[in-house]
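Let me begin by presenting the structure, written as structure tokens, before commenting on it.
Every value quoted in this text rests on a predicted model; they were computed, and no experiment measured them. First listed ligand is number 1; within each ligand, the first listed atom is number 1.
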Amino acid sequence: MRKYHLSLFVFILLLGTFAAAAQEETPSLRDLAEQNGIQFGAAVYTYHLNDPTHVEVLSREFNSLTPENEAKACEVQPELGRFDFRDFDELVAFAEANDMIIHGHTLLWHQCVPSWLENAQFSREEAINAMRDHIYTVVGRYKGRIAIWDVVNEGINDNGAGVRETPWQRLIGDDYIELAFQFAHEADPDALLFYNDYGAEGINAKSNTIYEMAADFVERGIPIHGIGLQAHYTLGSVNAGSLASNMQRIGELGLQVQLTEVDIRYPGDTTDSILRQQATEYRMLLQTCLDNPACTAFITWGVSDNFTWLRGTNLGFFLNTTVQPLLFDDNYQPKPAYFAVLETLAEGAGLEPVTDAEEATEEQVTAVEIPPPTKTDPAQLAPDSVEGLVYYAPYPVTITLDGDTADWANIPLVTVDSGTMLPPDNDTVLTFGVAADEDYLYFLADVQDSVLSYGNHEAASGWYMEDSVEFYLNTTGDLAAFAYEPGIVQIGIVAANITNPETPLIGGSNSGDSQIEVNAVETDYGYRIEARVPLTTEVWEIQPEHLGVLGFQAHLNGASTPDNRDTKLIWSAADTADQSWNNPSLFGQLIFWNVEQ
Ligand code: XIL
């Protein structure tokens, strides 16, 4: 009798549980960061220093400080030629007194533009002189004391199409960026000079343009030393694989890369499950940084939720006045995200947790008996599935990606019509099947859905808010793994592939590793997706053998109105809260069935 292990997601409070030789006290984030060779920072306003608890947590946990606003042009040079460094000086003094690195943010930005600059009628030469004066004065004042400068912030257009229009760009031209790097270098030849931006964390049009600009600077000897990735995320949008690829190519240019403004927001109320998801995403981001030697800092955009910039203002994404995007809550209590970060740093530093994750997971394992495989129809190529637990996938069989289901005729198909989100009169049903031949694993998703809604999102982000199907695989052999790693993939296949026969539009954790091919067609009752992944890729070697097991899961996302998911169907019974995207231990099993045996 086979046992099925439903490994519940376990969040382990590890504070105080690391067995560190000669280390009796709980290590701080900054100690552990140092042991990992990275800076661990936070953005701070001068007025935050009036709060003694803030000061206490900041100086205990962080070894890098970014002025949240104090270094920006409208603050330091409110009138042409009149500089005001009072607030900035206070932050610098605090950082120095507490042995913190200062991340100088930022010399040039299209926001916080002083009115003299906004309305300037300079010639190109006058503008270059004014920009040089600004940079020389600010960088020069703190020469030797500010280790890193964000020379230009957000200087590239969101769609990646070249340099953003800003006052300096208008007056000087696109080369204001390289001139700024040169001037900053002249003012402090020892400072590390960064280009910083948002929405360019993973590989996309914008990060491509930034990468090309940086590569060009490196080639021409323009003094640039790193790229800052802001990393303001919405829960669910962290794509660690894509981030890792981007970091990789930046590192290959000989540049540093830093996560400079990390926070993770979400639209609704705060729940335990949201805080756990947030912790997982913090962990993924930090782990991705630790995995690449070019990544030298992890900086959160604030210390505690009470001071987050995301509250109270509609910043163009959504207004959530109670959002808790940081590591410490409103009362400076460490949150699940804090413990996830602490644990990740401790592991990175080679400290052995006393309660290790596996042990704790094992304790919570529930064993479920799986009935012996049976076929209810002799023509069936494999036994019936066990609802929500096991899918028997026949091999070898012959399938073509042609939109026609004739070749799926004797392959067991499973119907899924329940999940975590269902509209009152739900009419959406997912029917899926999986099979293999010698070279590929094939998926069928035949979806009944009266209203198709797709094409409003890019595959890269928000894809799961519209009609889409997700297949998940864990090929590592460790079905209890509770975090994504190479060999574990979530492959979201959007219905938008119906109108996109070329490169498949996909999303999800590590989905880019899957090398999936997709054929999507509209049907009389909805849509149908046939897809296949190679049995051998860079990240896995799947060898179907009789009764061999993979971790497997299937989901469906449905939207009846654009941009607005109202249906979530889930196959694996272990996943009761739509958590498979961050916790692969909630998958069920796919068991191979040799049709020739
Ligand atoms: C924000 C500050 O957090 C706010 O308090 C201020 O009002 C506006 O600027 N990307 C950046 C930061 O690079 O400079 C921004 O900081 C947040 C987004």
Problem set entry | Interatomic spacing from CG in L345 to CD in Q287 - rounded to 0.5 Å | 9.5 Å
Problem set entry | Residues in contact with ligand 1, criterion: heavy atom under 4.0 Å | Y45, E68, N69, K72, H105, W109, N153, E154, Q230, H232, E261, W301, W309
For this session: Go through the side-chain N and O atoms of N153 and Q111 and say whether any donor and acceptor fall under 3.5 Å apart.
Result: no
Exercise. In a check of side chain to side chain contact (heavy atoms under 4.5 Å, CB included) between R311 and each of L319, N320, D305, which one passes?
Worked result: D305
Exercise. Can you tell me if E61 uses its side chain to pair, donor with acceptor, with the backbone of L29 under 3.5 Å?
Worked result: yes
For this session: Test ring-ring contact (aromatic ring centres under 6.0 Å, His included) on F88 and Y142 and set out the steps.
Result: CA-CA 10 Å; F88 196 1; Y142 303 106; 4.5 Å; yes
Exercise. Do the charged groups of D197 and R164 touch, with an N to O distance under 4.0 Å?
Worked result: no
